[in-house]
Amino acid sequence: MKYCKLCLQPDTRPNTVFTNEGLCPACHYYEESKKIDWQERYEILLDLIPSISRAPGQHFDCIIGVSGGKDSTRQAVWVREKLGLKPLLVCLSHPPQQVSQLGVDNISNLINMGFDVVLSSPAPQTWRDLMRDSFFKFANWARSSELALFSSVPQLAIRYKIPLIFWGENPALQIGDLSTMGRNGYDGNNLRYSNTLSSGHAWMVESGFNLNSILPYIYPTHEEFDSSRIQIVFLGWFIGDWGLVNNASYACPVGLGIRSEGPEETGDLYGLSNLDEDWHNMNQMVKYLKFGFGKVTEYVNEELRSGAINRSTAIDLVERYDGKCSEKYIRSFCEFIRISQDEFWAHIKRFMNRDLFEIDSTGNIQKKFKVGVGL
Amino acid sequence: MGIVDYGIGNHASVMHSLRDIGFRVRVGSEIDVLNDVDVLLLPGVGAYPTAMKALHQHGLVGYLQDQARAQRPIIGICLGMQLLASASHELQYTDGLDLIPGKVVPLTEPKWHIGWNTIECVQRDSLLWPSDGQAFYFNHSFAYQGPPEYQVCVSRHLTTLSSVIRRGKVVGLQFHPEKSQAAGRILLKNVVFGLAHA
Amino acid sequence: MLKKRLVGVVTVKDGWAVQSFGYKRYLPLGRPECLIENLDRWGADEILVQVIDRSVDCQIPDFELLERIARLGLETPLIYGGGIRSVHDGVRAIQFGADRLVVDSIAHDDPCIVRGLSEQLGAQAIIAALPLSLHSGRIEWLDYRRRCATPIPEDILSLLETGVASETLIIDWTNEGYPEAFQVDLVKMFPLSAVPLIAFGGISASRQMIELLSFSNVAAIAVGNFLSYREHAVQEFKKALAGMSLRPPVYESTLPGLTDA
Amino acid sequence: MPDITFCKRCLYSSVHPLGLTFDGDGICSGCRIHEEKDSLDWSSRWQKLESVVQPYRNRDGRNYDCIVPVTGSGDSYYIVYLVKQRLGLNPLLVTYNKYFNTPLGIRNLANLRIRFNCDILYQNINPNSVKKIIRGTLRRFGSIYWPILAGQTVFPVQTAVRYQVPLIIWGAHQGLEQVGMFSHEHEVEMTRRYRKDHDLMGAEADDLLSIFDTLTEEDIWQFRYPDDDELKSVGVRGIYLGNYVRWDPKAQHEQMMRDYDYRTAMFSRTFDRYDYVDCFNYMDVHDLLKLYKHGYSKVTDHATREIRFGRLTRDEGLALVRQHELAPLRFLDQFCEWLGVTPRSMQFLLDQHRNRRFWTKTEPAGWEFRGVSTMQDQRNSEASGRTGLPDIFKANDKLEYDRNSDYVTIGKGWP
């Protein structure tokens with residue numbers, strides 16, 4: 001297990017390759033991005049806009065997938081007020097049992113800011129059963145919901161005849177998921193190959209769900225993309241100050257609400273992420289147990305790159321809070337997918353990375369590595 | 001577009017049709033109003049003698065004849081088309097505007113032409129060609145007869161009768177394009193644009 | 001060549017568009033202008049607006065309604081019927097935007113008015129309405145105001161023979177509004193074979209229309225109630241009448257660039 | 001003004017905005033058509049419904065079988081129950097966000113989605129356009145509900161075209177149920193004409209545009225009905241369950257309360273506690289406008305319905321109408337604040353639509369109500385006593401549910 005020279009990113013994330021100077025892809029991108037001429041990129045975007053043709057009778061220029069969180073709120077406002085375009089916002093909403101009050105308030109905030117929003121929400125029981133299957137098959141309950149989230153935007157773009165989709169960050173650049181690299185930095189049409197989507201919906205059919213009950217989870221095919229001339233553009237490529245803290249600092253002044261719990265409960269340093277439901281925090285803990293890094297690592301990595309904090313403070317924060325998840329989220333999750341907490345932990349431990357973690361005599365999980373050093 | 005108003009019949013349908021297509025429309029019988037438009041239109045409601053009397057009263061007969069000579073586009077619809085001819089036998093013999101030589105005679109067998117009938121272009125005319133074979137709404141019991149050179153389209157109803165006549169920039173339509181739905185809209189647009197930009 | 005026609009009928013009573021059943025039972029439908037505008041969009045070949053409470057209590061034609069219709073800027077020929085008592089009434093109705101007129105009780109009460117109208121406006125603008133029924137094999141005419149059925153009066157037949165009216169509207173009034181009820185014998189046994197007919201009353205199925213349109217003297221089919229139950233009712237009928245020389249069905253598209261050639 | 005004819009059996013009169021006809025015995029078309037509910041063979045009508053929906057069952061599993069418009073109240077539970085449990089269809093639910101949502105309505109819709117396990121699509125038109133439209137339709141038609149009626153009646157049709165799911169399934173046909181506009185056997189279907197004529201008071205989206213107003217195409221385009229050629233290419237068709245099922249809203253709501261935990265609430269302006277619990281304004285300022293314009297309000301519709309079902313006598317119905325129809329509004333302030341209009345200015349705007357036939361100005365600043373109920377004769381007076389009136393509707397919750405009475409734009413709705 002090796003750490004990035006500049007930040008605290010371990011080399012355990014799938015589809016990522018460190019540079020030979022020992023920099024993780026995100027740091028490499030950050031170093032490279034210092035040389036980017038953002039004005040030139042902005043002009044590329046301005047040149048792109050006139051080519052946007054509205055289908056006859058259609059008055060939207062583009063579609064933006066939103067959860068009501070910091071990234072989407074920032075994007076929506078920037079596209080409307082900076083680029084002068086008229087976006088249709090699309091929100092794939094968790095079922096009533098899972099969506100948080102903060103989440104629905106943030107979507108309401110977007111609507112009351114004058115955006116047109118289509119909110120789609122899949123059948124709650126099917127959603128829960130898929131979550132359960134996803135949890136037991138991938139130890140990641142969100143594999144099915146992520147598929148619905150990623151599919152909802154192109155599905156609606158095709159049905160509403162709005163070919164231009166704005167997406168947030170390019171996973172290939174910002175977080176090192178190289179499989180989604182398109183023709184250039186902002187082409188997002190290979191998003192279908194990102195690791196969250198790569199498993200597709202075949203496993204759902206195999207575990208007994210017939211097609212017409214999982215329609216929201218089916219990502220449109222290449223042919224459907226091409227016949228509707230769909231083009232996904234990563235806005236992250238054009239916005240130089242894109243980041244966790246920055247996006248929140250743009251979104252909060254226009255009404256975004258953030259979490260009030262501290263990192264010891266959420267494993268989220270400032271409570272800026274996963275605003276629309278609680279169980280992603282628990283998922284971060286599972287990710288931590290698989291790969292040895294969680295949400296706090298992501299925060300400190302950003303701040304290490306921008307020099308906002310030094311390495312020792314960062315290591316201390318990661319040591320103290322990374323992978324933390326309050327027991328109340330685990331209880332509510334287990335209640336929702338109807339399993340006992342023992343079953344939960346038994347399953348998690350099966351997916352735990354034995355090289356990085358071990359179970360001590362009292363049954364608790366201890367990490368075997370030292371943050372910033374490795375094993 | 002200027003609709004020549006000879007005081008009888010309402011022009012709502014023609015006006016709506018023209019405005020739907022995108023033209024600006026003025027209605028009037030005063031020369032200064034009619035001078036201010038690109039294309040003049042003679043609407044199609046009422047009896048021949050009363051219409052000619054009204055045109056005379058407003059001093060429009062001479063005016064229209066001058067405009068025709070000056071290659072001003074003029075379109076006549078149904079009765080308006082018949083007014084373009086030299087004379088008509090409707091009710092009593094009446095002299096027309098004589099912009100297109102020929103006369104208007106009562107239909108005999110059958111005595112009227114009512115309903116949707118197709119038009120066949122007998123001359124290559126770019127304004128009318130796109131409407132060849134389309135159906136339009138006819139509602140008349142008198143018809144134009146004149147030299148074949150002015151006959152652009154005909155329609156068959158036991159006999160053959162002139163559905164479109166043209167001489168220079170003066171065009172006569174025996175049917176009602178403003179009552180012929182999409183086909184009428186298309187033809188009216190082609191004819192007006194064609195005349196105004198020719 | 002001349003097309004046969006499908007005429008949409010809007011029956012108006014006390015200012016309301018209504019469904020009418022056998023000239024005596026009515027159900028409310030809505031605003032006459034809304035039904036008329038809808039038939040225009042659907043591409044009916046003609047729209048017949050019949051105002052039925054005028055003839056009974058001798059009021060004048062509903063010029064106010066005609067004016068409201070004119071403001072819609074219709075692209076479909078409009079036929080008006082109801083309350084035409086004089087040549088002046090008829091001419092005014094045309095000036096208010098009607099293309100043709102239906103005369104009903106006046107044809108019997110005062111035929112010379114019908115002749116006057118025909119001279120003023122041309123026979124093509126005049127349609128004579130005959131509410132008929134079959135009694136033991138004989139055709140009877142309904143005197144609407146005195147509510148009794150008698151053989152068709154000779155004066156009406158002779159009036160029609162002179163070609164004063166371009167077409168005759170045969171109304172099977174007892175079957176009006178009832179499905180597949182129109183009695184074809186009213187057309188087969190109609191005394192004047194040369195007079196073009198419009199069949200109306202109880203025509204709900206394309207099978208009936210095909211049979212009726214195959215008669216050379218049937219120029220048009222008129223439908224009222226049965227256009228109010230489905231979207232695109234006119235187009236659906238026209239689709240089923242593909243071979244019968246009617247104008248093809250039209251489905252409006254408001255997108256720019258599609259309508260002009 | 002021609003004088004008003006009153007139905008001998010129910011409380012409707014010839015001023016009903018949907019139109020009403022009377023037969024020789026003075027019985028209205030609504031009551032006559034209502035008689036079909038006890039004369040038709042409903043089992044064979046159900047088989048007819050089965051045959052109508054059969055060709056729309058999606059075979060390759062690639063799409064939904066039908067589109068079902070829903071809200072947090074109305075007959076949504078019973079409609080989805082029939083579509084999913086009894087017909088076994090796989091529906092896509094669609095709903096237009098009216099923004100005047102009560103927490104109880106949010107809860108009911110969330111509970112509906114969970115209980116029946118359906119995918120759903122919410123349309124949220126940007127509130128700036130919605131408010132601009134309401135300011136215009138309030139001025140022109142005395143209606144604050146135009147965009148909601150327009151959205152609820154067009155979003156399902158637009159979705160049918162976009163998702164290429166041709167069949168839309170509605171509950172009962174309002175024209176048939178209230179004024180007997182059609183017989184059940186006419187099996188009337190959804191038409192653009194009925195929507196414009198009755199739901200939208202004769203004005204479609206484009207009719208709102210005028211050279212004297214500031215509304216733009218950008219504000220109204222989302223309320224336009226799909227073009228005829230789009231409807232034809234997909235084969236869109238809207239059917240009404242009320243033509244095939246004996247429609248009895250009160251009984252249906254009670255079944256849904258029992259089996260699927262549909263929640264209901266009290267109103268001041270009507271005795272019915274089952275319908276319109278999802279909106280702060282339908283039974284409030286919207287209902288007051290109805291009273292101003294037509295001289296009667298929703299409580300008369302409810303009374304007429306219950307009289308026809310035989311659960312109320314005509315006199316009991318009339319007494320209930322008189323007890324409720326002048327009840328004060330509870331939520332006008334929220335609406336004023338939401339629309340950005342001062343209460344005094346709002347009253348001025350509302351007063352423009354008082355129909356002088358039913359309202360006379362009294363000095364110094366009052367109005368005398370001489371609406372339809374005041375013209376009805378009370379046959380026997382003892383039924384009009386306030387106490388003895390039947391209380392046949394049960395409320396098991398309140399509009400505010402678990403919060404205060406602020407509008408909810410998008411809500412959680414659970415637990």
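Just so it is clear: chains get the letters A, B, ... in the order the sequence lines come, proteins before strands, and each one is counted from 1. Predicted model, so just to flag it, every value in this text is computed and none were measured.
- Interface summary for chain B: among Glu46(C), Gln120(C), Arg100(C), the most heavy-atom pairs under 4.5 angstrom belong to Arg100(C).
- Ranked by heavy-atom pairs under 4.5 Å with chain B, the first of Asp99(C), Leu72(C), Leu74(C) is Asp99(C).
- Residue with the most contacts toward chain B among Ala219(C), Pro196(C), Gly163(C), Ala220(C): Gly163(C) (heavy-atom pairs, distance under 4.5 Å).
- Between Lys179(B) and Glu75(C), no side-chain nitrogen of the basic residue sits less than 4.0 Å from a carboxylate oxygen of the acidic one, so the salt-bridge criterion is not met.
- The residue among Ser141(B), Ala12(B), Pro106(B) with the most heavy atom pairs within less than 4.5 Å of chain C is Ser141(B).
- Contact check on Arg41(C) versus Glu37(C) returns no salt bridge, with no Lys/Arg side-chain nitrogen under 4.0 Å from an Asp/Glu carboxylate oxygen.
- At a cut-off of 3.5 Å, with distance as the only test, a side-chain donor of Trp42(C) or Glu231(C) sits close to an acceptor on the other residue.
- Using a cutoff of 4.0 Å between basic side-chain nitrogens and carboxylate oxygens, Arg26(B) and Asp36(B) are not scored as salt-bridged.
- To the nearest 0.5 angstrom, Leu212(C) atom CG is 9.5 Å from Lys188(C) atom NZ.
- When the candidates Ala70(C), Pro77(C), Gly73(C) are compared by the number of heavy-atom contacts under 4.5 Å with chain B, Pro77(C) comes out ahead.
- Comment: Asp89(C) does not engage Arg92(C) in a salt bridge, judged by the lack of any side-chain N to carboxylate O separation of less than 4.0 angstrom.
- Taking the six-membered ring wherever Trp is involved, the centroid distance between the rings of Phe136(B) and His176(B) does not fall below 6.0 Å.
- Ranked by heavy-atom pairs under 4.5 Å with chain B, the first of Arg5(C), Lys4(C), Arg247(C), Glu167(C) is Arg247(C).
- Proximity to chain B is absent for every atom of Ala194(C), based on heavy atoms less than 4.5 angstrom apart.
- When heavy atoms are compared at a cutoff of 4.5 Å, Glu119(C) approaches chain B solely by way of its backbone atoms N, CA, C and O.
- A 6.0 Å sphere centred on CD of Glu64(C) holds more than 12 heavy atoms belonging to other residues, nucleotides or ligands.
- Here Phe175(B) and Tyr137(B) keep their ring centres 6.0 angstrom or further from each other.
- Proximity to chain B (any heavy atom under 4.5 Å) is restricted, for Arg71(C), to the backbone atoms N, CA, C and O.
- Listed by sequence position, Arg156(B), His157(B) are the residues of residues 143-160 of chain B in contact with chain C, using a 4.5 angstrom heavy-atom cutoff.
- Each of Val61(B), Leu60(B), Asp95(B) was checked for a side chain to side chain contact (heavy atoms under 4.5 Å, CB included) with Met52(B), and the lone residue meeting it is Val61(B).
- The choice from Lys3(C), Met1(C), Gln124(C) that makes the most heavy-atom pairs within less than 4.5 Å of chain B is Gln124(C).
- A heavy-atom distance below 4.5 Å is found between the side chains of Leu48(C) and Leu169(C).
- The part of His140(B) that comes within reach of chain C is its backbone (N, CA, C, O), which places non-hydrogen atoms under 4.5 angstrom from that chain.
- Between Asp125(B) and Arg166(B), at least one side-chain nitrogen of the basic residue sits less than 4.0 Å from a carboxylate oxygen of the acidic one, meeting the salt-bridge criterion.
- When heavy atoms are compared at a cutoff of 4.5 Å, Leu246(C) does not approach chain B at all.
- Contacts of Gln181(B) with chain C are made by both backbone and side-chain atoms, with heavy-atom separations under 4.5 Å.
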